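Start at 1 and go down the list; that is how both ligands and their atoms are numbered. These numbers were taken from a predicted model, which means no experiment stands behind them.
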Amino acid sequence: MKRRTFLKLSSMTAVVLFTGCGDDESNIDQGSADVLAVALPIPTLLHSTQRNGVMHYDLNIVEGNHQFFDGVKTKSYGIDSSYLGPTLLLKNGETVSVNYTNNLKEDTTMHAHGMRLPGTMDGSAHQVIKVGKTWSAQYTVNQNACTNWYHPHYMGKTAEHVYEGLAGIIIVEDSESSALDLPNRYGVDDIPLVLQDRKFSADRTEMDYSPTNMELSRGYIGETFIVNGAIAPTFDAEAKEIRFRLLNGSNSTMYELGFNENISFKQIASDNGLLEAPVSMSRLLLSPGERAEIVVDFTDAAAESFTLKEFRHDKTFMTINVKDTATAVTTLPDTLASLEPVATPVRSRRFELDMAGMGRFTINNKVMDLNRIDANLNQGEAEEWEVVNKMNVDHNFHVHGSHFRVVSRNNNTAAVKKSEQGYKDVVHIPPNESVKIIVQINDVTADANAPFMFHCHFLEHEDHGMMGQFTVS
Ligand code: C2O
Ligand code: CU
Ligand code: CU
């Protein structure tokens, strides 16, 4: 048995100096003696104010100082916070106005990743929020329950702005999913986990964003793994089913997630919605920008401790201490949602991901150009997109405004795992492999002044050219 000793915190906000290095799971202290032992920070749920039938969410993008290490203030960005931002809880059918005020000393944007919005409300590189200005995304939520997120999309600076701390979770709720017996008490048994990794300057007063050409290509991977802005925090879980909403919020690190002792868990949702049925697994691979909701059953684990691990880099994200009590027990249903049949495509397109010299990443041999439209789609028409990774490194592919379906990998339909047969907006493409997806945009449009984007979500690749634009009319 290699379980961590139970580290008891006197309250949810208690901060005590971590002293537990030296055991065989000492990578939990990320190689540093001055890591704080903190309770898992839960991003606050942002309350909206209703004005004229519209739910307004007001957010301030600010500079801050975040405490990652004991006694050290690290310069950071955040949204109404020193690092990351509050969680937005949006209900399907509701008309919202998400108002971002830029209090930074530089321009940025704020994109609602996974939301089906008109191009003008997308918060892409075309909707710049100037220093001191407020930009509002107004729209009616029109999609199924899922876990989305918001983050900057400023041309050439997305990676840096996200690295500094700009990102937050969007939870979409609908009546079908609320009627299911799923854990849905936010912060109690329904827990968002923004997973990231960071490098710090030697004195840790700054995060160190300085990728080399090699790191631009292979990934800018920090040695310090963090969850919700904390290093190796502890979560006290009720002895029941717990739902974790996992976001790979890293710039360019693949996360192979699981727990110590290979305990199994069930994936219940992919990027844009519930799966048809829970899928059992003990490892979950998430590429940057992807989300997965999982349910772990701690019913029979009272007083035990677990760790959420990342196996590709042998890191520990967090410790879970199971309490000996549970309230409001849930029972995961066998069926979760009925998915629409995959549409028959009326045309096909091919996108080749490659590079053209050091630090220049391309799609179909072109680097991103804000003034070029790469594809025009017709609303309601399904298309088959083949995305080919021509390189020897991992890539993925994200499409704005759409929920796509993955239909084959390397032309093999059987290679598409159950867990990726639901609605997706990011798909991983391993080195030298290809994937086919069906893209269909039914409800929204995007014109040449505010087009949608498709890109690799490894942010270093995106910022250095691996992105294109499309209209929907
Ligand atoms: Cu999450 Cu175009 O981005
Ligand atoms: Cu997006
Ligand atoms: Cu890439």
Side-chain angles (χ1 to χ4, degrees), residues 108-119 121-127 137 143 146-159 161-163 166-170 194 196 211 215-221 247-254 271-272 286-291 351-356 359-363 367-368 370 374 387-404 423-435 439 441 444 446 450-470:
T108 189
T109 76
M110 207 52 88
H111 165 58
H113 179 133
M115 297 302 294
R116 286 202 272 198
L117 313 168
M121 298 299 157
D122 198 34
S124 76
H126 291 276
Q127 289 95 43
Q143 62 192 88
C146 63
T147 305
N148 288 334
W149 62 304
Y150 57 96
H151 65 79
H153 218 294
Y154 193 80
M155 184 70 180
K157 287 259 182 191
T158 297
H161 290 182
V162 172
Y163 208 79
L166 298 183
I169 294 282
I170 301 173
V194 180
Q196 298 176 311
E215 286 167 327
L216 288 181
S217 173
R218 304 207 154 265
Y220 191 58
I221 302 164
L247 162 66
N248 181 335
S250 78
N251 278 37
S252 49
T253 312
M254 295 292 304
D271 300 330
N272 299 118
L286 273 192
S287 69
E290 280 188 292
R291 290 87 66 210
F351 299 91
E352 294 187 355
L353 312 183
D354 206 344
M355 78 192 286
R360 281 168 65 85
F361 298 90
T362 57
I363 299 180
V367 295
M368 166 71 176
L370 271 177
D374 299 277
V387 189
V388 185
N389 180 351
K390 307 275 280 186
M391 291 176 63
N392 211 11
V393 301
D394 286 294
H395 288 296
N396 65 18
F397 199 74
H398 169 51
V399 184
H400 287 212
S402 126
H403 296 170
F404 58 69
Y423 302 107
K424 297 278 297 162
D425 63 44
V426 181
V427 62
H428 172 226
I429 313 153
N432 304 305
E433 294 197 11
S434 70
V435 57
V439 175
I441 299 183
V444 292
F452 286 134
M453 298 181 174
F454 53 79
H455 56 90
C456 176
H457 216 289
F458 287 63
L459 300 182
E460 281 68 40
H461 300 167
E462 172 187 344
D463 270 356
H464 288 82
M466 200 174 270
M467 178 154 64
Q469 309 189 100
F470 67 100

Novice: As a test of understanding, state which of Phe404, Phe458, Phe351 forms a ring pair (Phe, Tyr, Trp, His ring centres under 6.0 Å) with Phe397.
Specialist: Phe351
Novice: Side chains of Ser252 and Glu460 only: does a donor on one sit below 3.5 Å from an acceptor on the other?
Specialist: yes
Novice: Check all N, O or S atoms of His400 and name the one closest to atom 2 (Cu) of ligand 1.
Specialist: NE2
Novice: I want to verify a count. Protein N, O or S atoms less than 2.8 Å away from atom 1 (Cu) of ligand 1, how many are there?
Specialist: 3
Novice: Just jot down the ring pair (Phe, Tyr, Trp, His ring centres under 6.0 Å) partners of His395, sequence neighbours excluded, or say none.
Specialist: His461
Novice: Which protein atoms of type N, O or S are found under 2.8 Å from the Cu ion (ligand 3)?
Specialist: His395 ND1, Cys456 SG, His461 ND1
Novice: Hey, are the side chains of Glu352 and Ile363 touching, using non-hydrogen atoms and a 4.5 Å cut-off?
Specialist: no
Novice: Going by the angle between their ring planes, with limits at 30° and 60°, are His111 and His113 parallel, tilted or perpendicular?
Specialist: tilted
Novice: Between the side chains of Asn389 and Asn432, is a donor N or O closer than 3.5 angstrom to an acceptor N or O?
Specialist: no
Novice: Could you go step by step and tell me if Asp122 and Ser124 meet the side chain to side chain donor-acceptor pair (under 3.5 Å) rule?
Specialist: CA-CA 5 Å; Asp122 198 34; Ser124 76; 4.6 Å; no
Novice: With sequence neighbours excluded, tell me which residues meet salt bridge (charged side-chain N to carboxylate O under 4.0 Å, His left out) with Asp271.
Specialist: Arg291, Lys424
Novice: Using ring pair (Phe, Tyr, Trp, His ring centres under 6.0 Å) as the criterion, point out the one residue from His398, His400, His457 that pairs with His153.
Specialist: His400
Novice: Between Val444 and Phe452, which heavy-atom pair has the shortest distance, and what is it?
Specialist: CG2-CZ, 3.9 Å
